[in-house]
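For reference, the structure is listed below as structure tokens.
Each chain gets a letter, A, B and so on, in the order its sequence line appears, and its residues count up from 1.
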Number of protein chains: 2
Amino acid sequence: MPTRTAAQRRAQAKVEYDAFLARCPSRQLLDRISDKWVALILAALGSDGPRPGTGCVGEPRAMRYSELSRRLAGVSQKMLTQTLRSLERDGLITRTVTPTVPVTVTYELTGLGLSLKQVMRDIKEWAETHMDEVLANREEYDTRVA
Amino acid sequence: MPTRTAAQRRAQAKVEYDAFLARCPSRQLLDRISDKWVALILAALGSDGPRPGTGCVGEPRAMRYSELSRRLAGVSQKMLTQTLRSLERDGLITRTVTPTVPVTVTYELTGLGLSLKQVMRDIKEWAETHMDEVLANREEYDTRVA
DNA sequence: CAGGATCCCGCTAGATACTG
DNA sequence: CAGTATCTAGCGGGATCCTG
């Protein structure tokens with residue numbers, strides 16, 4: 001049994017994973033979460049506005065499959081289901097089945113999912129905010145090369 | 001010519017792009033930047049530590065091609081070059097060729113790139129920080145399903 | 001409603017070889 | 001050193017059909 005202080009173990013933990021290294025598991029995790037559907041799903045589930053029709057506020061929003069499907073315009077069922085499964089497996093969201101007829105399935109952020117939510121919203125917002133600038137840069141680049 | 005105040009135009013600009021919409025250009029941009037190589041390149045170029053060998057601090061770091069290639073362990077030349085080109089076209093980085101023998105090429109973040117840097121480092125750090133938790137969640141999920 | 005199961009195309013990432 | 005060019009295998013991702 002190693003004799004280390006808690007501080008030493010924390011320092012150790014800090015360098016335990018490094019996504020710059022090819023075989024580091026965090027490289028794979030980075031790859032997983034670097035995905036537009038992940039960003040959009042977390043952004044959607046993370047919107048804490050009042051649910052339309054209800055008055056509840058503040059709580060992270062639970063959403064049904066069909067609701068997500070509508071929100072993420074253009075997503076295929078395959079990609080949506082696949083991405084939701086992956087997020088569930090990683091513990092970022094929970095999947096709740098309510099045995100109504102027909103069945104109701106809702107998805108909700110876990111604590112872990114919440115911790116990633118803001119970053120994902122930031123990315124999405126960055127894309128929306130800087131779209132014009134990027135478009136201008138591309139145009140200038142293309143004319144310069146051509 | 002529309003008669004709107006600056007505030008009105010700003011409010012308009014705010015809803016101009018929405019990545020939730022399938023055809024919105026920001027959806028494509030989100031897809032572009034949701035990429036592990038983009039995250040790692042921006043994180044690498046964004047490290048403002050002193051360059052090894054020099055004493056300069058504070059400034060965003062310019063890096064050579066080979067330097068990046070070593071830092072992003074396991075990246076193929078193709079992916080590195082391709083991603084760098086894409087980032088250059090979008091105006092996130094600059095490419096500078098110094099006509100030495102052999103030629104020296106350095107890459108550096110632009111202002112726009114800097115504005116995205118922190119988000120990318122956040123993602124990377126999230127992956128490294130929560131790796132253990134995710135690994136545990138996966139294990140639990142797999143045993144529960146099996 | 002909320003998927004599961006298949007089929008299949010396209011593109012992309014990787015490996016390899018070559019160059020100014 | 002910093003790429004370009006080419007080839008190919010693999011799989012990401014859409015379309016389609018089916019189900020509890």
Would you call B/Glu128 and B/Lys124 a salt bridge, using N to O less than 4.0 angstrom? yes

Which whole-number value in Å describes the distance from B/Tyr107 OH to D/dC1 P? 14 Å

Any residue meeting salt bridge (Lys or Arg N to Asp or Glu O under 4.0 Å) with B/Arg138, in chain and number order, not counting sequence neighbours: A/Asp90

side-chain contact (heavy atoms from CB on, under 4.5 Å) against A/Ala39, all qualifying residues, sequence neighbours excluded: A/Met120, B/Leu30

With B for base contact, S for sugar-phosphate-only contact and - for none (protein heavy atoms under 4.0 Å), nucleotides 5-20 of chain D reads --------BB-B----

Indicate whether OP1 or OP2 belonging to D/dT4 is found under 4.0 Å from a side-chain N or O atom of B/Tyr65. no

Go through residues 83-101 of chain A and report each residue with a non-hydrogen atom lying under 4.0 Å from DNA chain C, sorted by number. A/Arg85, A/Arg95

For A/Arg144, which residues count as a salt bridge (Lys or Arg N to Asp or Glu O under 4.0 Å) partner, sequence neighbours excluded? A/Glu140

For A/Gln82, does the CD atom sit with more than 12 other heavy atoms under 6.0 Å from it, leaving out its own atoms? yes

Intermediate values then yes/no, side chain to side chain contact (heavy atoms under 4.5 Å, CB included), A/Leu92 and A/Val38: CA-CA 10 Å; A/Leu92 295 172; A/Val38 170; 5.6 Å; no

Round to the nearest Å and state the distance from A/Met63 atom CE to C/dG3 atom C1'. 17 Å

Contacts of type ring-ring contact (aromatic ring centres under 6.0 Å, His included), residue B/Trp126, not counting sequence neighbours: B/His130

Regarding A/Asn137 and A/Glu133, do their side chains bring together a donor and an acceptor under 3.5 Å, going by distance alone? no

Taking only the side-chain nitrogens and oxygens of B/Arg64, find out if one of them lies under 4.0 Å from OP1 or OP2 of D/dC1. no

Residue B/Thr81, side-chain atoms from C-beta onward, closest of D/dT4, D/dA2, C/dA2: D/dT4

Whole-Å distance separating the CD1 atom of B/Ile41 from the P atom of D/dA2: 14 Å

